[in-house]
Structure formats: structure tokens, C-alpha cells
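The structure appears below as C-alpha cells.
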Amino acid sequence: MKSELHFKDKVLSIVSKIPYGRVTTYGSVATLAGLPRGARFVGGVLHFNEVKAPWHRVVNRHGFISTKCIDHPKKLQKVLLEQEGIEVSSDFMIDLKKYGWFGEKSLDNS
DNA sequence: GGGCTGACTGACG
DNA sequence: ACGTCAGCCAGCC
């Protein structure tokens, strides 16, 4: 039975595993989910499912907030990240070198 | 069941 | 170095 959890479930799980004060990219989440090429879908997952995970900690490869947030302006995510202790540039750019979380090599034993 | 969509990424000019 | 194009994969209609 392949994966008991659908890809989107994995994504949500991984996103909720992002440590406080850290950010990650769609590519990393997709890779951890088992789909290094499914970066696009990661966003689609969060878009379709109600945001229960810290989606605001997920940004694109350039550390830029791609999240359209539809009903809410990017400004919202910027504020959320700042509340996490992450410094966000006025252009919604984040320093992935400082806050970028790529699994920290942990990945548990899984 | 087939086709379109999407909060991306990487390659090419 | 920056801008543009195409590919990718699974969910949803």
C-alpha cells in the first residue's frame, strides 16, 4: 500500500515540523515529502487545505514570500515571520542563510 | 477518466 | 547578472 499518507498529508506534516523561528522552501518540503520535483504542488496542498500548519514559514527558493495569501496581503506573512523572530526585508525577502531550515540533517530516524 | 491548475525550480538567452 | 520559457507532479472539477 504505498504511502498511507498522501503527498499532501506529508507536506502538511513536514510543514508543521518546521521549528520555530525557522523557514524552509517549497523544494525542501517537496523533497522531504518524497517529491523533489513537486515543489509547485506543495503550495497547492496548503492552498486547498485549510492552513493548520505554519505555512507562513514556507517561502520560495529565493527566500521571497510567494504566498499570495489571496484574502490576505503578503504583509500578513511578513508580520507572522517577524513574530517568529525572523527578519523579513521590506520586499518580503528572508535570509535563508540565517533562517533557512533544510531538515538540519535530522530527519529523525524515520 | 481526462484535462487544467498551481503559494515552484532550474535551465537557457 | 537578470529576464524569460518550459517542465514537473499530484490534487481537483
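Numbers restart at 1 for each chain; the letters A, B, ... are given by sequence-line order, proteins then strands. Model, not experiment: these values are computed from the prediction.
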Salt bridge (charged side-chain N to carboxylate O under 4.0 Å, His left out) involving K78(A) - partner list, sequence neighbours excluded: E82(A)
Interatomic distance where CZ belongs to R37(A) and C1' belongs to dG10(B) [whole Å]: 8 Å
Residues 57-65 of chain A side chain polar contacts: donor-acceptor under 3.5 Å, at least two apart:
| from | atom 1 | to | atom 2 | distance (Å) |
| --- | --- | --- | --- | --- |
| R57(A) | NE | E84(A) | OE1 | 2.7 |
| R57(A) | NH1 | I18(A) | O | 2.7 |
| R57(A) | NH2 | E84(A) | OE1 | 2.6 |
| N60(A) | OD1 | H62(A) | N | 3.1 |
| N60(A) | OD1 | G63(A) | N | 3.1 |
| N60(A) | OD1 | F64(A) | N | 2.6 |
| N60(A) | ND2 | F64(A) | O | 3.3 |
| N60(A) | ND2 | S66(A) | OG | 2.8 |

Non-hydrogen atoms of P54(A) and S16(A) that approach each other most closely: CD-CA, 3.6 Å
Separation of dC8(B) P from L46(A) CG (nearest whole Å): 11 Å
Runs of at least three Watson-Crick or G-U pairs with DNA chain B, cut-off 3.5 Å: B:2-6 with C:9-13, B:8-13 with C:2-7
Under the side chain to side chain contact (heavy atoms under 4.5 Å, CB included) test, residues paired with S28(A) that sit two or more places apart: T24(A), T25(A), F102(A)
Pair listing, ring-ring contact (aromatic ring centres under 6.0 Å, His included) test, anchored in residues 77-99 of chain A, at least two apart: none
Nucleotide dG10(B), atom P - distance to NE2 of H62(A) in whole Å: 8 Å
Segment of DNA chain C, first to last nucleotide, that comes within the 4.0 Å heavy-atom reach of chain A: dG7(C) to dC12(C)
Pairs under 3.5 Å (N/O, protein and nucleotides 4-6 of chain B):
| from | atom 1 | to | atom 2 | distance (Å) |
| --- | --- | --- | --- | --- |
| dG6(B) | N7 | R40(A) | NH2 | 2.9 |

W101(A)-V88(A) co-clustered via ILVMFWY side chain contacts under 4.5 Å: no
Nearest-0.5 Å distance that lies between atom CZ in R22(A) and atom CD1 in I86(A): 8.0 Å
I94(A) CD1 to dA7(B) C1', straight-line distance once rounded to whole Å: 13 Å
Path from Y26(A) to I94(A) over hydrophobic side-chain contacts below 4.5 Å: no
With sequence neighbours excluded, residues passing side chain to side chain contact (heavy atoms under 4.5 Å, CB included) with S13(A): K17(A)
Residues 31-45 of chain A side chain polar contacts: donor-acceptor under 3.5 Å, at least two apart:
| from | atom 1 | to | atom 2 | distance (Å) |
| --- | --- | --- | --- | --- |
| T31(A) | OG1 | G27(A) | O | 2.7 |

